[in-house]
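Letters A, B, ... mirror the listed sequences (proteins, then strands); counts begin at 1.
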Amino acid sequence: MYCIVGKKFNINSTVKIQEILFNKYKLPIIKKTKNGKFSTDEQVLKRLSSYHILPKVLLKYRTLYKINTTYILKLPKKINILTGRIHTTYNQYLTSTGRLSSSKPNLQNIPIRTKIGKKIRTAFIAKNKWILLTADYSQIELRILAHYSKDKKLITELFNNIDLHSATASNIFQNQEINKIDKIHREIGKKVNFSIIYGISAFGLSRQLNVSLSTAREYIKKYFNKYVDIKKYIDQTHKNTEKKEYIKTLFSRKIYIPNINSTNKILKNSAKRFCINAIIQSTASDIIKKSMINIDLFLKNKKIDAKLIMQIHDELIFEIQEEKKNSISHKIKYLMENCVKLRVPLKVSIKTGKNWGNII
DNA sequence: AATTTCACG
DNA sequence: ACGTACGTGAAATTA
């Protein structure tokens, strides 16, 4: 990057990067930060990559720099001298939705999305003759949405094991056959599905997909034309929350949302999005906590020497004796899938391996 | 301490 | 006419 620009500069300084990209090279301004500065985040750099080589190189640098400074250089320092292991802290009463958070160090954001980042996980290794076992609720949030909304189409699709992201893509793009949906269109379907869980907004979806506002509106319209009960459920939930000023999770935990009646439209709209997301995300976090308790009781009652070592929102990670792999896998899957009875099945996928980076 | 960016669900 | 996708923690730079 020094060679490209022709001099040395602080690559980590957003001020310097802004100056070079937008003053020196006069590249187009894609968006601004909340303070009115020219943003240089990942989305911006991706779009600028077609104009200049620098943003392309910078993107790669940022990925590697993040992995190096946040994980490679820091995690070894967190190894406890007595146990020889890293111990995180789970914060039980921090998040608004009831999720746990993890800190010092955060073990809920160890890389997985990039090939090189995922290598960090290979450093998490089970002790001799033991293995790691991960148990993952698959698409728990869409299942919770199906449960609450009672949407007939979504329930049918879940019972038939339809790929929901491809199904949404198929609906949006001229009803192409579900199993003929390619990877790119499936990703779009996935983002549309997530936009519903997050509390939908055409503007947010358009920005996420990099499409026009009218295109995003069209996608949402098609989505609700298909899943009519979801639309009804969302409208009804907004009305109920305006009356009560709180939502309830599946296990009756209350989350207050006073801004739902704010005269400030920005606050009100944000509260409307939050109330949908809060019901779904909170219910998911209640379910996994109940599973954690059930599994803990089971392991204690049967005097099984296995340890629950991490929780990552919809996933539990255990360290177990290798020889007990089959019996424990089976039992954990059963306990998690039958933790609570919903209108749709809960599905848990189990993976095992010697280290966290290579699990099957 | 605030801001920006980026890692995860 | 607003100005937005939900929930977090941490690192580096800037104020």
Euclidean distance, atom NZ of residue A:K46 to atom C1' of B:dC6 [Å, nearest integer]
12 Å
Salt bridge or not for A:K31 and A:D41, using N-O below 4.0 Å?
yes
What is the distance, to the nearest angstrom, from the CD atom on A:Q43 to the P atom on C:dA5?
10 Å
Does A:I312 reach a base, just sugar-phosphate, or nothing at all? Heavy atoms under 4.0 Å.
sugar-phosphate
Presence of A:N12 side-chain N/O under 4.0 Å of C:dT13 phosphate oxygens OP1/OP2
yes
Check this for me: does the side-chain of A:R207 come within 3.5 Å of the base of C:dG3 through a donor and an acceptor?
no
Rounded distance in Å - CD (A:Q311) to P (B:dC8):
17 Å
Sticking with atom P, work out how far B:dC8 lies from C:dG3, rounded to a whole angstrom.
32 Å
What pair of heavy atoms forms the shortest contact from A:L107 to A:I312, and how long is it?
O-CD1, 3.9 Å
Atom of A:I317, atom of A:L308 and distance for their closest heavy-atom approach
O-CD1, 3.5 Å
Please find the pair of heavy atoms, one from A:I155 and one from A:R343, that lie closest to each other, and give the distance.
CG2-O, 4.4 Å
What I want to check is whether an N or O donor and acceptor connect the side chain of A:R99 with the base of C:dT8 at under 3.5 Å.
no
Stems in DNA chain C, runs of 3 or more consecutive Watson-Crick or G-U wobble pairs with both distances under 3.5 Å, sorted by first number, are B:1-9 with C:6-14
d(OH, A:Y93; P, C:dT8) in whole Å:
15 Å
When you measure from the side-chain N and O atoms of A:T33 to the phosphate of B:dT4, is any distance below 4.0 Å, counting only OP1 and OP2?
yes
Side-chain N or O of A:T14 closer than 4.0 Å to phosphate OP1/OP2 of B:dT5
no
For A:Q281 and A:N277, test the side chains for any donor-to-acceptor distance below 3.5 angstrom and give the result as yes or no.
yes
With a 4.0 Å limit, can you tell me whether A:R62 has a side-chain N or O closer than that to the phosphate oxygens OP1/OP2 of B:dC6?
yes
To the nearest angstrom, how far is A:I317 atom CD1 from B:dG9 atom P?
10 Å
Classify the nucleic acid contact of A:F203 as base, sugar-phosphate or nothing, counting any heavy atom under 4.0 Å across all strands shown.
base
Under 4.0 Å between a side-chain N or O of A:T70 and OP1 or OP2 of C:dA11?
no
Between C1' of B:dC8 and NZ of A:K66, the distance in whole Å
10 Å
Assign A:T40 to base, sugar-phosphate, or nothing according to its heavy-atom contacts below 4.0 angstrom with the strands shown.
sugar-phosphate
Taking only N and O in the side chain of A:N109, is any of them less than 4.0 Å away from OP1 or OP2 of B:dC6?
no
Minimum-distance nucleotide to A:T97 side chain [options: B:dT5, C:dC6, C:dG7]
C:dG7
Without decimals, in angstroms, what is the distance between A:L58 CG and B:dC6 P?
8 Å
Does the side chain of A:T95 come within less than 4.5 Å of A:L100's, by heavy atoms?
no
Any residue meeting side-chain contact (heavy atoms from CB on, under 4.5 Å) with A:K190, in chain and number order, not counting sequence neighbours
A:H165, A:E187, A:F194
Would you say a side-chain N or O of A:S102 is under 4.0 Å from OP1 or OP2 of C:dA10?
no
A:K78 NZ to C:dG9 P, in whole Å, measures 14 Å
Need one value for A:S201: base, sugar-phosphate or nothing, where a base atom within 4.0 Å counts as base even if backbone is also close, heavy atoms only.
base
It should be established whether A:N35 places a side-chain nitrogen or oxygen under 4.0 Å from OP1 or OP2 of nucleotide B:dT3.
yes
Return the orientation label for the A:Y223 and A:Y227 ring planes: parallel under 30°, perpendicular over 60°, tilted otherwise.
tilted
